[in-house]
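FYI, side chains are in, hydrogens and waters are out, and symmetry mates aren't considered; it's all heavy atoms of this structure.
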Amino acid sequence: MWNYKIKRVSVLSVFKFTLLYGIIIGAVFGFIGGLLGSIGDAKFFGMGIFGGLIFGIIYGIILSLFSALGTWLFNLISGVIDGIDVELIKKDE
């Protein structure tokens, strides 16, 4: 067993990851929601899908901003409380 401590996390790497992740997840669910929400009315069909995609992209941006803020706060607090202890075990191959 190895004991490690997480003391710092890169804010930029968390921001980039959650931006891409949030846009993909938000766009997929926004597309599905827009598709299902506009099935009954044919004249709003494209608008529902487009609105869902736009909402998904906005969701991804907001998610990444809050994740970056949380990472920054973790780094700030981690200096005071000495990080997070993590215990790892070696996997048998």
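- Lys5 NZ to Ile84 CD1: the interatomic distance, rounded to the nearest 0.5 Å, is 10.0 Å.
- Atom-to-atom distance recorded for Phe66:CZ and Leu73:CG is 11.5 Å, nearest 0.5 angstrom.
- Remark: side-chain polar atoms of Ser78 are not paired, donor with acceptor, to backbone N or O of Arg8 under 3.5 angstrom.
- Annotation: the span from Ile61 atom CD1 to Ile23 atom CD1 amounts to 5.5 Å, rounded to 0.5 Å.
- Residues passing the side-chain contact (heavy atoms from CB on, under 4.5 Å) test with Ser13, sequence neighbours excluded: Ser10.
- In this structure, CD1 on Ile25 lies 12.5 Å from OG1 on Thr18, to the nearest 0.5 angstrom.
- Ile62 and Phe17 end up in different hydrophobic clusters when Ile, Leu, Val, Met, Phe, Trp and Tyr side chains are linked at under 4.5 Å.
- Ile57 contributes atom CD1, which lies 11.0 Å from atom CD1 of Ile24 (distance to the nearest 0.5 angstrom).
- Interatomic distance, CG of Leu20 versus CZ of Phe15, reported as 11.5 Å (0.5 Å rounding).
- One hydrophobic cluster holds both Leu19 and Leu65 under the rule that ILVMFWY side chains link at heavy-atom gaps under 4.5 Å.
- With sequence neighbours left out, Thr71 forms a side-chain contact (heavy atoms from CB on, under 4.5 Å) with Val9, Val11, Val14, Asn75.
- Grouping the Ile, Leu, Val, Met, Phe, Trp and Tyr side chains by contacts below 4.5 angstrom, directly or via other members, places Ile77 apart from Leu69.
- Within 6.0 Å of the OH atom in Tyr59, the count of heavy atoms belonging to other residues, nucleotides or ligands does not exceed 12.
- In this structure, Leu76 places its CG atom where more than 12 heavy-atom neighbours from other residues, nucleotides or ligands lie under 6.0 Å away.
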